[in-house]
Amino acid sequence: MSALLAESLISSLNVDARIDDITKATGWLGALAEGEGWSQATRFALELSLEEALTNVVSYGFQDSTAVPRIRIECYRLPEGRVAVRLIDNGMAFDPTTISEPVVPASIEDAKIGGHGVQLMRKFLGTLAYARGGDGNHLTLIAGQPD
């Protein structure tokens, strides 16, 4: 997939590890969606997933790290109307694809806040893939249905 992605880069954005930059990133992605004419479903899946993934990186990825945070977001046009967003950061190694589904609570009173972001990504994305390369996490989000 890496060779395919390298040839289809649409745009990239560097952000800081700050909660405020999540809005900057989703705004950037929304502008790309408009310009590229993505379907509403593709746009929703990628914006939601990017927001969830970035929130995790910003909130937890650099807690015990002395490294200067680096976060890069890349967007790729794929065949058959699909779109990929890759989130690359130098935070602590974390593979969200290994997170198990949360247990469904018996009642609303037993429900816990949080911990559902990865489940949402799995529901709305076609592919959620992770790799660790060098000092970086590489999380790839792919949305869109083949035509």
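What you see is a predicted model, and the numbers here were worked out from it, not measured in a lab. Here, residue 1 is the first one in the sequence, and each next residue gets the next number.
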Going through the checks in order, is the side chain to side chain contact (heavy atoms under 4.5 Å, CB included) test met by D21 and V58? CA-CA 9 Å; D21 278 10; V58 169; over 6 Å; no
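Side-chain N or O atoms of N14 include none that pairs as donor or acceptor with a backbone N or O of R70 at under 3.5 Å. N137 places a side-chain N or O within donor-acceptor distance of the main-chain N or O of M92, the cut-off being under 3.5 Å. In this structure a side-chain-to-backbone donor-acceptor pair under 3.5 Å is present from D89 to G91. Checking side-chain atoms of T26 against main-chain N and O of T23 turns up a donor-acceptor pair under 3.5 Å. No donor-acceptor pair closer than 3.5 Å links the side chain of R43 to the backbone N or O of L46.
Across L78 and I142, no two heavy atoms sit closer than the pair CD1-CG2, 3.8 Å. Heavy atoms only, all atoms of each residue included: L32 and C75 are closest at CD1-CB, 3.8 Å. Counting all heavy atoms, side chain and backbone alike, S8 lies closest to R77 at CB-O, 2.7 Å. Heavy atoms only, all atoms of each residue included: A25 and L13 are closest at CA-CD2, 3.8 Å. The nearest pair of heavy atoms linking F94 to Y130 is O-CE1, 2.9 Å. The two residues A53 and M121 have their closest heavy-atom pair at N-CE, 4.1 Å.
No option in L120, L141, L48 other than L141 meets the side-chain contact (heavy atoms from CB on, under 4.5 Å) test with L125. Looking at R86, R72, E74 one by one, the single match for side-chain hydrogen bond (donor to acceptor under 3.5 Å, both in side chains) with S12 turns out to be R72.
Clustering ILVMFWY residues whenever any of their side-chain heavy atoms sit less than 4.5 angstrom apart, transitively, puts I10 in the very cluster that holds L87. L128 and I71 fall within a single hydrophobic cluster, where Ile, Leu, Val, Met, Phe, Trp and Tyr are joined by side-chain heavy atoms under 4.5 Å apart, directly or via other members.
A 4.5 Å side-chain heavy-atom check between V15 and I73 finds at least one atom pair inside the cut-off. Counting heavy atoms from C-beta on, the side chains of L139 and P96 come closer than 4.5 Å. No side-chain heavy atom of I22 sits less than 4.5 Å from a side-chain heavy atom of L50. Within the 4.5 Å cutoff, no side-chain heavy atoms of Y60 are placed close to those of T55.
Taken to the nearest 0.5 Å, the CZ atom of R122 stands 13.0 Å off from the OG1 atom of T127. Rounded to the nearest 0.5 angstrom, W38 CH2 and R82 CZ are separated by 13.5 Å.
With respect to the salt-bridge test (charged N to carboxylate O, under 4.0 angstrom), the residues D16 and K24 do not qualify.
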